[in-house]
**Q** 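Dropping a structure here in structure tokens format, bear with me for questions.
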Amino acid sequence: MIEDQEALDLAADWADISQGLKKDLGSQLHSQWIKPIQLGSFCKDTGTLDLFLPTEFSANWVADRFADRLSLAWKIARAEVRQVRITVHPRRRTMPDLRVAAAFEPAAPARAVAPAVAETALAGLDPSLTFADFVSGSANVLAVNAAQRMAALETPQFSPLYLKASTGQGKTHLLHAIGHAYAAAKPGARIFYCSAERFMIEFVQAMRSNEMIEFKARLRGFDLLLVDDIQFIIGKASTQEEFLHTIDALMSAGKRLVVAADRAPQALDGVEQRLLSRLSMGLVADIQPADIELRRKILEHRLARFGNAQVPGDVIEFLARTINRNVRELVGGLNKLIAYAQLTGQPVSLSLAEEQLTDILSANRRRITIDEIQRTVCQFYRVDRTEMASKRRARAVVRPRQVAMYLAKVLTPRSYPEIGRKFGGRDHSTVIHAVRLIEELRTRDADMDGDVRTLLRQLED
């Protein structure tokens with residue numbers, strides 16, 4: 001009876017959370033990605049709640065984009081939930097069922113598409129993913145310029161456009177942005193955005209229901225086709241064949257095609273050579289991992305959305321330098337930090353960032369050692385390495401030692417007592433004082449801030 005009541009309580013909480021996400025994300029995204037989530041078990045010992053999705057692709061997609069939001073929502077609803085785990089339903093791993101395609105909005109019959117496409121062209125596009133909201137820099141300038149050309153009224157010089165980037169670098173954002181911009185430039189244009197998995201699901205459905213003619217006519221009737229995560233189409237011979245014919249039909253009719261993948265066309269194992277040739281014949285635009293300058297710009301751009309949220313400059317710098325694997329984690333970290341501060345009434349600070357973003361930070365940090373920090377600081381300030389552990393209190397020695405302690409806290413996962421032991425067995429309170437002092441000096445002393453920035457570059461290069 002207790003277990004039944006707990007299940008009911010979890011279901012009630014999930015109903016509230018789901019409704020809130022629907023308001024935040026819009027009914028389309030909610031219906032496609034959040035609504036299919038099923039509640040799994042909750043382990044009280046570990047505080048882990050399982051959330052299940054019907055396919056590997058959808059589980060990965062939701063985990064990449066909504067994991068932080070779901071985790072925070074559950075923590076607010078239930079304090080005992082410390083971790084949310086998003087996976088495929090165990091039964092789905094061993095008993096695949098194509099009926100889950102219902103979660104991806106199955107295609108309407110071809111006869112209904114022609115007159116209604118203009119009205120539903122933007123249904124699959126996220127309204128927040130536009131060019132205006134995309135921050136460009138040296139790492140993605142080629143892809144951005146190519147995407148804008150593809151969305152313009154003028155006939156593009158290259159087609160198809162192939163966007164290549166690792167997870168979380170912005171390729172999906174650019175796909176949606178192209179769709180929005182082309183719809184604005186050419187009202188009434190027929191636009192279709194889908195994942196490679198959705199393409200395959202609808203293809204299989206069409207084959208099983210003997211509607212292949214309608215399926216082909218529907219796809220080839222679009223003016224702009226946007227296909228995400230094309231790497232998931234590998235190994236499916238019949239699907240590859242149909243996709244190949246679709247590309248040929250679109251190109252010969254002067255239509256536009258944009259695909260995105262996490263690897264170059266030549267690196268797609270199991271793809272037929274003819275399809276590789278088609279995917280490569282336009283422009284392959286590579287999106288490189290965001291450099292430090294671009295990460296700063298992204299954080300500042302995102303921060304403007306929060307109105308009067310106060311985030312100190314040293315926190316922005318810390319996030320930009322530390323969360324360097326992908327942009328999605330970077331933005332997710334900032335969102336989580338601000339949300340936590342607003343919900344708890346705490347001010348955003350460096351210590352709060354370290355406390356609340358432990359998982360993200362530990363996954364991104366290069367393993368810089370305290371010995372490496374001490375050596376670099378001593379070379380920079382031209383002091384002997386032994387001074388890091390000495391008892392001397394001359395200013396020329398104390399300040400470099402305090403800077404080294406500050407950097408040890410910022411760049412390593414070591415606790416205050418552990419850092420103190422590496423500096424001649426000093427008490428943890430001494431380390432805390434040093435960290436707070438350098439944080440304060442950076443806000444009012446340009447020379448100190450410049451020194452710390454230089455040392456950070458030297459240690460992280």
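For clarity, every value in this text was computed on a predicted model and none was experimentally measured. Hydrogens, waters and symmetry mates play no part in the numbers below; they use all other heavy atoms, side chains included.
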**Q** One pair to check against side chain to side chain contact (heavy atoms under 4.5 Å, CB included): K186 and L153. What are the steps and the verdict?
**A** CA-CA 7 Å; K186 189 176 181 180; L153 279 177; 3.8 Å; yes
**Q** As an exercise, state the distance from OG1 of T454 to CG of L459, rounded to the nearest 0.5 Å.
**A**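 Reported value, rounded in 0.5 Å steps: 11.0 Å.
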**Q** Please report the shortest heavy-atom distance between L250 and L219, naming the atom on each side.
**A**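 That would be CD2-O, 4.2 Å.
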**Q** Taking atom CZ of R149 as the centre, does the number of heavy atoms from other residues, nucleotides or ligands within less than 6.0 Å exceed 12?
**A**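 12 or below, so no.
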**Q** Show your working on side chain to side chain contact (heavy atoms under 4.5 Å, CB included) between I247 and V259 and close with a plain yes or no.
**A** CA-CA 11 Å; I247 292 176; V259 299; over 6 Å; no
**Q** So, for L161 and A285, which heavy atoms are closest and what is the spacing to 0.1 Å?
**A**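 Of all heavy-atom pairs spanning L161 and A285, the closest is CD1-CB, 4.2 Å.
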**Q** Indicate yes or no: at least one non-hydrogen side-chain atom of E317 is less than 4.5 angstrom from one of R296.
**A**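 Yes, their side chains come closer than 4.5 Å.
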**Q** So Q310 and P347, do their side chains get closer than 4.5 Å, heavy atoms only?
**A**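 Counting from C-beta outward, P347 and Q310 never come under 4.5 Å.
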**Q** When you measure from the side chain of N140 to the backbone N and O of G137, does any donor-acceptor pair fall under 3.5 Å?
**A**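 Present.
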**Q** How long is the straight-line distance from CG of N324 back to OG1 of T322, given to the nearest 0.5 Å?
**A**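 Nearest 0.5 Å value for the OG1-CG distance: 7.5 Å.
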**Q** Show your working on side chain to side chain contact (heavy atoms under 4.5 Å, CB included) between V452 and V410 and close with a plain yes or no.
**A** CA-CA 11 Å; V452 173; V410 169; over 6 Å; no
**Q** Once you measure the plane-to-plane angle for F222 and F192, does it fall in the parallel (<30°), tilted (30-60°) or perpendicular (>60°) bin?
**A**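 F222 and F192: parallel rings.
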**Q** Work out which heavy atom in L279 is nearest to a heavy atom in P160; give both atom names and the distance.
**A**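 In terms of heavy atoms, the two residues are closest at O-CG, 4.2 Å.
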**Q** I'd like to check I292 versus R321 (side-chain heavy atoms, cut-off strictly below 4.5 Å). Are they in contact?
**A**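 Side chain of I292 against side chain of R321, heavy atoms only: contact under 4.5 Å found.
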**Q** Indicate whether the side chain of D126 and that of S128 have a donor and an acceptor atom separated by less than 3.5 Å.
**A**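 Note: D126 and S128 side chains meet the donor-acceptor criterion.
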**Q** Is there a side-chain contact between E354 and F318 (heavy atoms, below 4.5 Å)?
**A**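 Heavy-atom side-chain distance check passes, below 4.5 Å.
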**Q** Does any N or O in the side chain of T358 come within less than 3.5 Å of the main-chain N or O of E355, such that one atom is a donor and the other an acceptor?
**A**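 Yes: the side chain of T358 pairs with the backbone of E355.
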**Q** Do the non-hydrogen side-chain atoms of Y193 and V227 ever get within less than 4.5 Å of each other?
**A**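 With C-beta onward as the side chain, the pair stays apart.
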**Q** Can any side-chain N or O of R256 pair as donor or acceptor with the backbone N or O of L224 at less than 3.5 Å?
**A**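 No: the side chain of R256 does not pair with the backbone of L224.
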**Q** Can you sort out the partners of S351 under side chain to side chain donor-acceptor pair (under 3.5 Å), two or more places apart, ordered by chain and number?
**A**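 Scan of S351 (side chain to side chain donor-acceptor pair (under 3.5 Å), adjacent residues dropped) gives S349.
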**Q** CD of E80: more than 12 outside heavy atoms within 6.0 angstrom?
**A**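 It does: E80 CD has more than 12 such atoms within range.
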**Q** Just how far is it from atom CD1 of I419 to atom OH of Y406, taken to the nearest 0.5 Å?
**A**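 Atom-to-atom, I419:CD1 and Y406:OH are 12.0 Å apart.
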**Q** Donor-acceptor check, side chain of S277 to backbone of Q273, threshold 3.5 angstrom: yes or no?
**A**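 Not confirmed, S277 side chain does not pair with Q273 backbone.
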**Q** Considering all heavy atoms of both residues, which atom of L257 and which atom of M251 are nearest to each other, and what is their separation?
**A**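 Heavy atoms only, the tightest pair is CB-CE, 3.8 Å.
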**Q** Any chance you could measure F306, atom CZ, to I338, atom CD1, to the nearest 0.5 Å?
**A**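 If we round to the nearest 0.5 Å, F306:CZ and I338:CD1 are 4.0 Å apart.
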**Q** Taking the side chain as every heavy atom from C-beta outward, state whether K171 and D229 have any pair of such atoms under 4.5 Å apart.
**A**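 The answer is yes, as the side chains (C-beta and beyond) meet within the 4.5 Å cut-off.
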**Q** Compare every heavy atom of D133 with every heavy atom of H301, then report the nearest pair and how far apart it is.
**A**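 Closest approach of H301 to D133, heavy atoms only: NE2-OD1, 2.9 Å.
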**Q** Give a yes or no on whether the backbone of L21 and the side-chain of H30 come within a donor-acceptor separation of less than 3.5 Å.
**A**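 Absent.
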**Q** To the closest 0.5 Å, what do you measure between CZ (R305) and CG (N335)?
**A**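 Here the rounded value is 8.0 Å.
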**Q** Between R302 and V135, is there a side-chain heavy-atom distance shorter than 4.5 Å?
**A**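 No; the side chains remain at least 4.5 Å from each other.
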**Q** Considering only heavy atoms from C-beta outward, does the side chain of I34 approach that of I17 to under 4.5 Å?
**A**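 Contact flag for I34/I17 side chains = no.
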**Q** Inspect the contact between E272 and R278 and indicate whether a charged nitrogen and a carboxylate oxygen are less than 4.0 angstrom apart.
**A**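 Result for this pair is no, no salt bridge flagged.
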**Q** Looking only at heavy atoms, what is the nearest atom pair of A261 and Q231, with distance?
**A**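 Shortest heavy-atom contact: CA-OE1, 3.2 Å.
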**Q** May I ask you to decide whether K297 forms a salt bridge with E300, counting only side-chain N to carboxylate O separations under 4.0 Å?
**A**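 No, K297 and E300 are not salt-bridged.
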**Q** With side chain to side chain contact (heavy atoms under 4.5 Å, CB included) as the criterion, how do I37 and L53 come out once you've worked through the C-alpha distance, each side chain's angles and the decisive distance to 0.1 Å?
**A** CA-CA 5 Å; I37 294 175; L53 279 132; 3.9 Å; yes
**Q** Main chain of T130, side chain of H173: is a donor-acceptor contact present, judged purely on distance under 3.5 Å?
**A**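 Here the side-chain-to-backbone pair exists.
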**Q** Does the N326 side chain pair with the main chain of Q169, one donor and one acceptor, at a distance under 3.5 Å?
**A**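 Between the backbone of Q169 and the side chain of N326 there is no qualifying donor-acceptor contact (under 3.5 Å).
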**Q** Quick one, E241 with R274, criterion salt bridge (charged side-chain N to carboxylate O under 4.0 Å, His left out). Give me CA distance, side-chain angles, the key distance, then yes/no.
**A** CA-CA 9 Å; E241 185 74 18; R274 289 185 301 158; 2.8 Å; yes
**Q** Could you grab the distance from atom CG of L352 to atom CD of Q346, nearest 0.5 Å is fine?
**A**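 It is 5.5 Å, given to the nearest 0.5 Å.
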**Q** Would you find a donor on one side and an acceptor on the other, under 3.5 Å apart, between the side chain of S18 and the backbone of W14?
**A**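 Not confirmed, S18 side chain does not pair with W14 backbone.
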